[in-house]
Amino acid sequence: MLSQAEHDELASAILITTSRELAEQVSAQVDVFTAQLERREIIRKALDNYGYILVAESMEDGIDAVNEIASEHLEILTANPFQIMTKIRNAGAIFLGEYASEPLGDYFAGPNHILPTNGTAKFFSPVNVDDFIKKTSIISYSREALERVHKDIETFAVSEGLTAHANSIKVRFE
């Protein structure tokens, strides 16, 4: 939580757990460690405004919350992080197990570090080489293939009020 919070005052740092005891222990340790860190003022502001410890009723509820938050960085610290990982749909970068924390990804492990922030992991991926490659769709159909579906295409086009679209297909079979 602290390594995320020290980025800036607007950083969010959230712990989701099913253990009230763990939540209380982490809360106490956050205060202890924050007092020792150079960027303590930034950390305190970030945690005061965007720091949360959420106690979920069940692991499923916790996973739902993770997917709703869609965090930039997600550390999964459970007995079986690989199993939980398969249920995560929305996160920029996922770190599995107690030895794979966010700074490992920031400085050494080598994953992309241009990640979707502020919940945008719901609909964006980390920037990657594909974002810099121009792509073109190529479509080719035979007369026989189009003949099997042309009525459906015409129906779709007419239902949208695009009769020129429908006619473009229809005239090929008149």
Report task. With sequence neighbours excluded, give me every side chain to side chain donor-acceptor pair (under 3.5 Å) pair touching residues 27-42. Result -> E41-R44
Report task. Kindly state each residue pair satisfying side chain to side chain donor-acceptor pair (under 3.5 Å) with at least one member in residues 154-166, sequence neighbours excluded. Result -> H150-E154
Requested in this report: Give the intermediate values and the outcome of side-chain contact (heavy atoms from CB on, under 4.5 Å) for residues E98 and E75.
Outcome: CA-CA 8 Å; E98 64 183 301; E75 294 181 15; over 6 Å; no
Query raised in the report: Applying the 4.5 Å side-chain criterion to the ILVMFWY set and letting contacts propagate, would L54 and I76 be lumped into a single cluster?
Result: yes
**Report entry** Within one Ile-Leu-Val-Met-Phe-Trp-Tyr cluster: I169 and Y141, side-chain cutoff 4.5 Å
**Finding:** yes
Query raised in the report: Can you name the side chain to side chain contact (heavy atoms under 4.5 Å, CB included) partners of D130, sequence neighbours left out?
Result: N128, I133, K135
Report task. Mind checking side chain to side chain contact (heavy atoms under 4.5 Å, CB included) for R143 and listing every partner two or more places apart, or none if nothing turns up? Result -> F173
Query raised in the report: Which residues pass the salt bridge (Lys or Arg N to Asp or Glu O under 4.0 Å) test with K170, sequence neighbours left out?
Result: none
Query - Under the salt bridge (Lys or Arg N to Asp or Glu O under 4.0 Å) test, residues paired with E68 that sit two or more places apart - result: K122
Please examine the side chains of [Y] and [X], heavy atoms only from C-beta on, and report whether any two atoms are closer than 4.5 Å.
X	Y	answer
I94	I88	yes
L96	F82	yes
T18	E57	no
I63	I16	no
P126	P116	yes
L104	Y99	no

What are the two closest non-hydrogen atoms of [X] and [Y], and how far apart are they?
X	Y	value
G92	L115	O-CD2, 3.7 Å
A121	N90	O-OD1, 3.7 Å
G62	A56	N-CB, 3.6 Å

Quick one: hydrophobic cluster around [X], which other residues, with the 4.5 Å side-chain cut-off, linked directly or via members?
X	result
F33	M1, L2, L15, L22, V26, V30, L37, I43, L47, I53
V171	none
I42	none
I138	none

Pairwise distance [atom1]([X]) to [atom2]([Y]) - rounded to 0.5 angstrom:
X	Y	atom1	atom2	result
M59	D64	CE	CG	12.0 Å
S19	Q25	OG	CD	7.0 Å
K151	I153	NZ	CD1	12.0 Å
F95	D106	CZ	CG	6.5 Å

Query raised in the report: Would one find more than 12 heavy atoms of other residues, nucleotides or ligands at under 6.0 Å from atom CZ of F123?
Result: yes
Requested in this report: Would you please name every residue forming a side-chain hydrogen bond (donor to acceptor under 3.5 Å, both in side chains) with S168, sequence neighbours left out?
Outcome: R172
Ignoring hydrogens and angles, write down the donor-acceptor pairs under 3.5 Å from the side chains of residues 5-12, residues two or more places apart or on other chains.
{"from": "H7", "atom 1": "NE2", "to": "E102", "atom 2": "OE2", "distance (Å)": "2.9"}
{"from": "D8", "atom 1": "OD1", "to": "L10", "atom 2": "N", "distance (Å)": "2.6"}
{"from": "D8", "atom 1": "OD1", "to": "A11", "atom 2": "N", "distance (Å)": "3.1"}

